[in-house]
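What follows is one structure encoded as structure tokens, with my remarks underneath.
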Amino acid sequence: MLELLHIENIAIIEAADIEFAPGFNALTGETGAGKSIVIDSLSAVLGQRTSRELIRTGAEKAFVSAAFSGTAPELTEELGIQPEADGTLLLQREIQTDGKNVCRVNGRPVTVGQLRALGARLLNIHGQHDGQQLLDEEQHIVYLDSFGRVESLAITYAEKYKNFTDIRRQIGALQMDEAEKARRVDTLQYQIEELRRAKLTPGEEEELTARRGMLRNAEKFLDAVAGADYALNGDDSGGGALSAQDALSGVRHLDDAFGQLYERLGEAYSEVYDIAATVEDKRGELDVSPGELDRVESRMDLLYRLKKKYGATVEDMLDYQARCEAELAQIEDAGDTLARLEQALSKAEKEARQAAQALSDARKAAADRLTAQILTELQQLDMGKIRFAVDFAEKPLDSDGMDAVRFLMSANVGEELRPIHKIASGGELARIMLAMKNVLSEQDHVGTMGFDEVDTGVSGRAAQKVAEKMARISRRKQVLCVTHLPQLAAMADVHFSVEKGERDGRTYTQVERLDRKRREEELARLTSGEH
């Protein structure tokens with residue numbers, strides 16, 4: 001149950017605290033006073049889509065919090081949030097001018113999506129425009145499935161249908177006319193042959209680039225290496241270090257310093273010897289054969305031309321070649337593959353149709369129950385002569401199954417059943433939607449229902465029946481109702497007045513819980529106007 005709603009800087013409400021009670025809570029006030037802003041604030045804190053335009057002019061942010069009591073622990077298990085010991089949950093949402101939202105549940109940060117998922121299980125809001133959804137026949141199957149609780153059958157069917165459409169898509173991809181197939185085979189064979197002739201090797205482009213750089217500077221490299229080779233392997237070839245070592249060999253044991261010099265000269269000679277051998281090897285590597293540079297340049301030109309057609313690197317071109325080979329093999333094997341897929345398609349279609357039939361049977365059983373309950377509700381809303389029915393027509397399999405569902409009604413005795421959008425008036429739509437909401441609410445565990453001016457187009461005796469229906473609903477659920485009708489407000493357990501005023505050049509809205517005398521005055525105003 002919603003106990004307290006706190007609002008800051010939402011539209012023309014600067015600050016308001018509304019303490020709701022169990023049972024039937026009514027909110028009344030002049031048009032434009034801000035009644036629906038209360039519902040907008042509730043929608044915001046329940047995680048529904050909102051806009052920064054909702055922030056009061058001049059304020060940096062808006063804030064709404066809602067305290068719910070007696071909530072079941074399983075409602076928050078998915079979020080990992082523990083309610084208070086008495087089951088209290090505090091939902092909070094801050095809306096900033098830059099569009100950012102800060103949401104919390106019992107002080108713990110949550111996403112807007114998490115807040116919305118939790119809010120949907122705490123409070124159900126029925127707006128004045130919801131009745132228009134009844135005019136959209138695509139929504140009728142949604143209402144029926146929600147009432148019939150066919151989720152498991154719908155999931156099973158969705159899986160079977162997806163498998164069926166996936167196989168059908170594969171078959172479509174393989175089916176092409178013979179001329180198109182021949183053209184594609186020729187193209188693939190040419191590309192594969194061109195790439196195979198190139199005999200591409202991963203990493204070869206980098207090796208060719210390095211080799212080309214060396215070949216282009218081969219003369220400079222040879223001169224440098226020859227000079228180094230002469231210096232290291234010529235007449236002096238490190239012999240100075242060896243001669244100095246021989247000179248010190250006789251005294252190296254007499255003094256540690258001379259011994260160290262002797263060792264260092266030996267190391268120097270070994271290092272020079274190794275370097276000389278390495279230079280000799282390099283000289284052998286620079287033994288360039290005639291025409292090698294031309295061959296390298298030609299190979300790199302070939303790679304450049306292939307890259308323009310098949311990929312930015314050698315590795316990309318090899319990947320492209322592999323894909324072409326796989327596609328060619330698939331086309332060549334298409335006959336066998338198609339035969340196999342056709343068999344799989346037949347089986348998948350049979351399974352999808354069986355799942356669709358099971359779903360359809362469940363829907364039709366639910367439709368009988370829904371019709372009976374809707375008619376009972378309509379009788380209580382002074383619409384006892386209305387006939388209501390759920391019409392089924394078979395359609396090709398799609399994501400919803402095999403059923404085209406629409407609601408039919410006859411508003412007058414002797415008239416045939418017709419689609420709702422062709423005959424229902426605004427008042428009738430409002431009452432049918434109220435009946436639908438009441439029937440569907442019995443299927444869920446939402447403890448609070450909000451109604452925002454759902455009495456539009458209803459008056460007189462019909463309004464009295466709607467009021468009595470609201471009162472009956474409030475015996476098992478908390479009801480919050482924004483209304484203009486005195487019949488509804490008079491049936492409420494608690495009555496709030498929403499009034500608009502001015503102070504210091506600004507418009508303000510305040511919400512006041514009325515005592516008995518003020519209720520009489522407000523009901524008189526709703527009935528007669530100012531006097």
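All values derive from a computational prediction rather than experimental measurement.
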What is the distance from atom [atom1] of [X] to atom [atom2] of [Y], rounded to the nearest 0.5 Å?
X	Y	atom1	atom2	value
Ser146	Ile141	OG	CD1	12.5 Å
Leu91	Ser65	CG	OG	9.0 Å
Leu153	Ile155	CG	CD1	9.5 Å
Asp40	Asp452	CG	CG	7.5 Å

Margin query: Evaluate Phe407 against Leu370 for side chain to side chain contact (heavy atoms under 4.5 Å, CB included), listing each step before the verdict.
Written below: CA-CA 11 Å; Phe407 296 155; Leu370 177 65; 4.2 Å; yes

Report the residues that fulfil salt bridge (charged side-chain N to carboxylate O under 4.0 Å, His left out) with [X], sequence neighbours left out, ordered by chain and then residue number.
X	answer
Arg363	Asp145, Asp403
Asp398	Lys395
Asp400	none

Can we say [X] and [Y] salt-bridge, meaning some charged N sits less than 4.0 Å from an Asp/Glu carboxylate O?
X	Y	result
Glu327	Arg184	yes
Glu30	Lys35	no
Glu522	Arg518	no

Item checked: Stepwise side-chain hydrogen bond (donor to acceptor under 3.5 Å, both in side chains) check, Glu60 with Thr97 -> CA-CA 6 Å; Glu60 295 181 356; Thr97 53; over 6 Å; no

For residues 347-355, which side-chain N or O atoms pair as donor and acceptor with protein atoms under 3.5 Å away, sequence neighbours left out?
{"from": "Glu349", "atom 1": "OE2", "to": "Arg353", "atom 2": "NE", "distance (Å)": "3.4"}

Quiz: residues 461-471 side-chain donor-acceptor pairs under 3.5 angstrom, not counting sequence neighbours:
{"from": "Arg461", "atom 1": "NE", "to": "Asp382", "atom 2": "OD1", "distance (Å)": "3.3"}
{"from": "Arg461", "atom 1": "NE", "to": "Asp382", "atom 2": "OD2", "distance (Å)": "3.3"}
{"from": "Arg461", "atom 1": "NH2", "to": "Asp382", "atom 2": "OD1", "distance (Å)": "3.3"}
{"from": "Gln464", "atom 1": "NE2", "to": "Glu468", "atom 2": "OE2", "distance (Å)": "3.4"}
{"from": "Lys469", "atom 1": "NZ", "to": "Glu377", "atom 2": "OE1", "distance (Å)": "2.5"}
{"from": "Lys469", "atom 1": "NZ", "to": "Glu377", "atom 2": "OE2", "distance (Å)": "3.4"}
{"from": "Lys469", "atom 1": "NZ", "to": "Gln380", "atom 2": "OE1", "distance (Å)": "2.3"}

Note to self: According to salt bridge (Lys or Arg N to Asp or Glu O under 4.0 Å), does anything in residues 161-171 pair up with another residue at least two apart or in another chain? List the pairs.
What the structure shows: Lys162-Asp166, Asp166-Arg169

Checklist line | Residue Glu315 excluded, over 12 heavy atoms near CD under 6.0 Å | finding: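 Buried by this count: over 12 neighbours within 6.0 Å.
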
Item checked: Whether over 12 other heavy atoms sit under 6.0 Å from Glu325 CD -> yes

Next item on the list: Check the side chains of Asp316 and Thr313 for a donor-acceptor pair under 3.5 angstrom, ignoring hydrogens and angles.
Entry: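 Indeed, the side chains of Thr313 and Asp316 share at least one donor-acceptor pair under 3.5 Å.
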
